[in-house]
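Notes for the one structure printed next.
Throughout, residue positions are numbered sequentially from 1 according to the sequence presented. Since the model is a prediction, treat every value here as computed from it, not as a measurement.
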Amino acid sequence: MKGAIFALLGGLCITMQGIFNARVSEAIGGWHTTSMVHVIAFTIAIIIYLNVRDGKGKSFRQVPWLYLVGGSFGVIVVFSELTAIHRIGPAPAIALLLVSQIGTAFIIESQGWFGERKIPITRRQSIGLTMMLVGVILFQL
């Protein structure tokens, strides 16, 4: 249940962040907005970290270097999302973003990449993903 609540909260925040960032980028530009967002987020994360300290700082050496750059995807996420919202609007942009997320997660799980447990693709899952994509297309007409 806790995981579902965090997923819903994350989805809400992704949508709000995208809309807010698109408005800021109208005034200062996409890359300036992306930089500002990450500086502010880093500051908040450091403040929380200094107060919570729930991790094991010395454990960084045990993490493969590839996973340590995962946060850099956020730069692409923020810039891509605010650009998409400008060009096609919030609802279609978020719909495509979600289909892309689910599709990517589907492929990663089906292949067992990045340490995920390999889950075979079922016909029902393929139909569901196709229906979502068709729904996004119909939504845009």
Side-chain angles (χ1 to χ4, degrees), residues 1-60 62-141:
M1 182 66 171
K2 198 173 187 181
I5 291 170
F6 276 106
L8 290 170
L9 178 63
L12 173 86
C13 288
I14 286 172
T15 300
M16 297 303 290
Q17 177 191 27
I19 292 170
F20 284 24
N21 292 345
R23 297 303 152 254
V24 173
S25 73
E26 289 172 0
I28 66 173
W31 285 113
H32 286 89
T33 300
T34 302
S35 299
M36 289 276 304
V37 164
H38 285 87
V39 167
I40 292 167
F42 176 77
T43 303
I44 291 169
I46 287 294
I47 290 168
I48 292 170
Y49 168 77
L50 291 174
N51 288 296
V52 175
R53 294 183 190 250
D54 63 343
K56 301 173 193 161
K58 294 179 182 176
S59 299
F60 276 114
Q62 298 171 358
V63 178
W65 69 270
L66 179 64
Y67 298 141
L68 294 175
V69 299
S72 63
F73 289 118
V75 173
I76 298 165
V77 169
V78 169
F79 186 77
S80 298
E81 185 179 29
L82 68 88
T83 302
I85 288 171
H86 272 301
R87 297 187 183 237
I88 62 175
I94 299 301
L96 285 169
L97 184 133
L98 291 174
V99 169
S100 176
Q101 277 184 287
I102 292 170
T104 303
F106 182 68
I107 291 167
I108 290 170
E109 282 187 340
S110 71
Q111 300 300 312
W113 292 342
F114 310 115
E116 291 298 317
R117 187 178 52 134
K118 191 172 184 173
I119 300 173
I121 299 170
T122 66
R123 184 176 180 171
R124 185 176 58 206
Q125 291 170 324
S126 298
I127 291 170
L129 192 58
T130 303
M131 287 175 64
M132 288 178 62
L133 188 55
V134 169
V136 169
I137 293 167
L138 290 173
F139 186 77
Q140 296 217 32
L141 295 177

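Considering all non-hydrogen atoms of both residues, Leu129 and Val99 come closest at CD1-O, 4.5 Å. Smallest separation of non-hydrogen atoms from Ser126 and Thr130: O-OG1, 2.8 Å. The minimum heavy-atom distance between Ile14 and Glu81, with the atom names listed, is O-OE2, 3.2 Å. The two atoms that bring Met36 and Ile28 nearest to each other are CG-CD1, 4.2 Å, heavy atoms only. For Phe139 against Pro92, the heavy-atom pair with the smallest separation is CE2-N, 3.9 Å. Nearest heavy atom pair, residue Ala22 against residue Ser25, reads O-OG, 2.9 Å.
Atom NZ in Lys118 sits 12.5 Å away from atom CD in Glu109 (nearest 0.5 Å). One finds the CD1 atom of Ile94 at 9.0 Å from the CD atom of Gln101 (value rounded to the nearest 0.5 Å). With values rounded to the nearest 0.5 angstrom, Ile108 atom CD1 is found 11.5 Å from Ile119 atom CD1. Once rounded to the nearest 0.5 Å, the distance linking CD of Glu116 with CD of Gln111 reads 13.0 Å. In this structure, OG1 on Thr33 lies 9.5 Å from CZ on Phe79, to the nearest 0.5 angstrom.
Checking side-chain atoms of Ser110 against main-chain N and O of Phe106 turns up a donor-acceptor pair under 3.5 Å.
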CA sep, side-chain torsions, deciding dist, call: Leu9, Cys13, side chain to side chain contact (heavy atoms under 4.5 Å, CB included):
CA-CA 6 Å; Leu9 178 63; Cys13 288; 4.1 Å; yes

Start with the C-alpha distance between His32 and Val24, add both sets of side-chain angles, then the distance that settles side chain to side chain contact (heavy atoms under 4.5 Å, CB included), and finish with yes or no.
CA-CA 9 Å; His32 286 89; Val24 173; over 6 Å; no

From CA spacing to verdict: side chain to side chain contact (heavy atoms under 4.5 Å, CB included), Met132, Leu98:
CA-CA 9 Å; Met132 288 178 62; Leu98 291 174; 5.5 Å; no

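Taking the side chain as every heavy atom from C-beta outward, Asn21 and Ile85 never approach each other to under 4.5 Å. Two residues are said to be in side-chain contact when any heavy atoms from C-beta on lie closer than 4.5 Å; Val37 and Phe20 fail this criterion. The shortest side-chain heavy-atom distance between Val75 and Trp31 falls under the 4.5 Å cut-off.
Between Tyr67 and Phe114, the ring planes are perpendicular. Angles over 60° get that label, and only those under 30° would be called parallel.
Each of Thr43, Ile44, Leu50, Ile48 was compared with Ile46 under the side chain to side chain contact (heavy atoms under 4.5 Å, CB included) criterion, and only Leu50 meets it.
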